[in-house]
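Below you'll find the structure, written out as structure tokens, and then a few comments.
Here the structure is a predicted model, which is why all the values come from computation and not from measurement. Just so we're on the same page: letters track the sequence lines, and every chain starts at 1.
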Amino acid sequence: MDLSFTPSEQAFRAEARAWLAANVPPGPYPSGDTREGYAWHVQWEKKLFAAGWSAVSWPAAYGGRDASLIAWLIFEEEYYRAGAPARVIQNGIFLLAPTLFEFGTEEQKERILRPMAAAEVHWAQAWSEPEAGSDLANVRSTAERVDGGWRVSGQKTWCTRGAFCDAIYGLFRTDPATERHRGLTYMMVDLHQPGVTVRPVERLDGDESFAEIFLDGAFVPDRDVIGQVHQGWKVAMATTSSERGLSLRSPGRFLATTTRLVDLYRRHPDPALRDRIADVWIQARAYQAYTYQTVTRMMAGGGIGADSSLNKLYWSELDLQTHTLALDLLGPQAELLADAPDAVDHAEWLLGFAFALAGPIYAGTNEVQRNIVAARVLDLPRG
Amino acid sequence: MHFAFTEEQQQIGDAVRDALADACPAGVVRAAWAAPDTAVRSLLADLGVLGLNLPEAVGGLGLGMVDAVLPLTEAGRAAAPVALVETIATNPTLAAIGEADLAAQVATGEAFVTLRAPGGYAVDADRAALVLVVEGDRVGVVRAPRLVAQPAVDGSRRLFAVEGDVEPTDADGRELLDRAALAAAAQLVGLSHHMLAMAVDYAKTRRQFGAPIGSFQAVQHHLVDALLRVRFAAPTVAQAAWHVDAGTAEASLQVAMATSLAADAASLTARKALQVHGAIGYTFEYDLHLWMKRAWSLSAAWGDARAHRARVADHLLGAPDA
Ligand SMILES: Cc1cc2nc3c(=O)[nH]c(=O)nc-3n(C[C@H](O)[C@H](O)[C@H](O)COP(=O)(O)OP(=O)(O)OC[C@H]3O[C@@H](n4cnc5c(N)ncnc54)[C@H](O)[C@@H]3O)c2cc1C
């Protein structure tokens, strides 16, 4: 065990810190969940990519830096420490890319990864359907075999930033004779074609960041199938663990939020809340320690498996506690929106609270995560 | 950055685990309520655990707190009725205050040194060759203590109020108390593992409404909540131990973090394990309470979770206004 950073890790941190200090634009930033705000964020993403910081852990051939997972965690710590903009292309680089690295063909990786990291092609996740929320295996969207590919039909919903994206990925039933987990195929669907209708849906914060996507015979060429036909469930599950476990929410984000909370306390002190401040600050550092331990194991060839559900429970509940506490500190200012003259920190705590409320819902609800841990980590009998 | 125990550290932990599984089943823990244990203590001496962090010159292994984490965790898992927190905490102090001969006897299990918890009591003080106390930021020695027994909820923890002349020393009191809190935290992780395992096993076999109770979601989620807290506390204990060994400026803060998380995890696990057991867990005959009571004691004796969080709050926010 050596919890100090090697000279090369330190050098990497220093390089990241220096670049971010020189390049992170002054805030506040527009929301990445509106059309105009998204466009602003895309410019930032392009700048990150040009400097080689978009996807540091990827191979250099695709625009990364071949950085180790430890270095990636360091980069994330520095990124959030610098207060840099939220990553609007995360659904591509953090969620689709791991699937491509594991199951994609060379052709797919060549074609898709670089434009994804360069913020030229924008990706949205399309798992959920009206009848398939927690029960994802209940997908109704179908794909029908045609010459050179598939024709997909059905409805996807809750696609984050789907209204601003170019393509989606998700599961489609390719074998009409099957049910549930069997007979599904993992596909990427170009949204710019006939047979696709995208309808933006406002979230509770008013941003049009959800999209419903109606598919009516849209074409998916064979080259846009990931993994084997009818094996989509396996492909999707292999990488949902990276979403919950690591890539979507690395510790850097929570270290930064709890550090900012301490700063907020200094400006809005309330001695009755000291214990809770210490509590969330400690938990963020526990998440960091746990993650360095996990990553050390992964670098030695280990996997995450169902443990990723524990990560998801921990970070989502911590994030909600942190933002709830911030609003408690703010008292009467808690409810103010950014344009209120008395707004504190551009109302970021209120916005953060609203978003933190979604944490226990998206990426698999926390009830479902607890079910998964019970069955797969504790080996309890299924209900 | 490399966050993992070495193979040797794992092996020592495994050896302690196996040995205690044989020599310290629940019946031995229970028996220690009636007659103080000597057998488990001498087993730990044989395994090198009692002298783990004493210099080799006095018969110790010359190791540090990171090496102690897994043995302590295993002693917790077995609820070993041995005042190991006191031994691991005081060992380096003995070397520092020139008690080398005594240290050599501690390593073999012939002698025992105890430590009075701040504002509290000293375990097994009647059997101790020396009682250490912390006054201000220094360690003091009480050589001829007047003891008053203070029966406590965990019948294997024989507590005494300590009075008597305190001989001052130069040894660092904060470091001593940090080692004690950290050793308690490591044991709390082990205690939690065991209580959770008991509850999970019980949930798989106990049937109601025609099904194992472990198939009911409310029961499952109780157990997952406990697991979550234990899983995220454990690495912070290892991390704090590393900071203590490396003597970093934040060692004491790291100990406060780890101890608060481990204490909370153990308290929650005790509560959840009892709930999942129902009334059987509430009996004296069933073994769960032996572990629960140890968890209650150790999660408070060296500073409870809130006290350790208060240390963190002082660090982050400055001392509270008077
Ligand atoms: C901010 C946000 C962004 C999102 N982004 C995307 C996206 O980009 N792409 C996408 O595909 N989806 C996205 N989602 C959708 C998300 O994946 C689903 O909301 C989630 O899977 C739950 O499905 P549901 O909303 O249909 O709820 P339901 O499944 O209907 O669940 C309702 C409630 O019942 C509980 N419940 C359901 N089943 C069980 C069970 N077996 N045991 C115990 N409790 C249960 C749930 O935990 C929940 O509390 C997003 C959601 C949010 C809030």
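When all heavy atoms of Thr6(B) and Met1(A) are compared, the closest pair comes out as CG2-N, 4.2 Å. The shortest non-hydrogen separation linking Trp242(B) to Asp2(A) is CZ2-OD1, 3.4 Å.
The structure places CD of Glu367(A) at 13.0 Å from CD of Gln220(B), a figure rounded to the nearest 0.5 Å. Going from atom CG of Leu316(B) over to atom CZ of Arg274(A) covers 9.0 Å, rounded to the nearest 0.5 Å. Going from atom NE2 of His308(B) over to atom CG of Asp275(A) covers 12.5 Å, rounded to the nearest 0.5 Å. Taking NE2 of His2(B) as the reference point, atom CE of Met299(A) lies at 9.0 Å (rounded to 0.5 Å). A distance of 6.5 Å separates CZ in Phe232(B) from OH in Tyr314(A), rounded to the nearest 0.5 Å.
Residue with the most contacts toward chain A among Val219(B), Asp225(B), Val66(B): Asp225(B) (heavy-atom pairs, distance under 4.5 Å).
Neither the backbone nor the side chain of Gln288(A) comes within contact range of chain B; no heavy atom of the residue lies under 4.5 Å from a heavy atom of that chain. For Ala4(B), the parts sitting under 4.5 Å from any heavy atom of chain A are the backbone and the side chain alike. Of the two parts of Val200(B), the backbone and the side chain both hold a non-hydrogen atom closer than 4.5 Å to a non-hydrogen atom of chain A. Leu3(A) touches chain B through backbone and side chain together, each having a heavy atom under 4.5 Å away. There is no contact between Phe216(B) and chain A, counting heavy-atom distances below 4.5 Å. Heavy atoms of Gln239(B) lying under 4.5 Å from chain A belong to its backbone as well as its side chain.
For residues 373-383 of chain A, the interface with chain B (any heavy-atom pair closer than 4.5 Å) comprises Val373(A), Ala374(A), Val377(A), Leu378(A), Asp379(A), Leu380(A), Pro381(A), Arg382(A), Gly383(A), sorted by residue number. Heavy-atom proximity under 4.5 angstrom to chain B picks out Phe5(A), Thr6(A), Glu9(A) from residues 5-16 of chain A. Below 4.5 Å, heavy atoms of chain B meet heavy atoms from Ile277(A), Ala278(A), Asp279(A), Trp281(A), Ile282(A), Gln283(A), Arg285(A), Ala286(A), all part of residues 276-286 of chain A.
In terms of the ring pair (Phe, Tyr, Trp, His ring centres under 6.0 Å) criterion, His243(B) has no residue partners (sequence neighbours excluded).
Within a 6.0 Å radius of CZ in Arg271(B), no more than 12 heavy atoms belonging to other residues, nucleotides or ligands are found.
By the 4.5 Å heavy-atom criterion applied to side chains, Met1(B) and Leu73(A) are not counted as neighbours.
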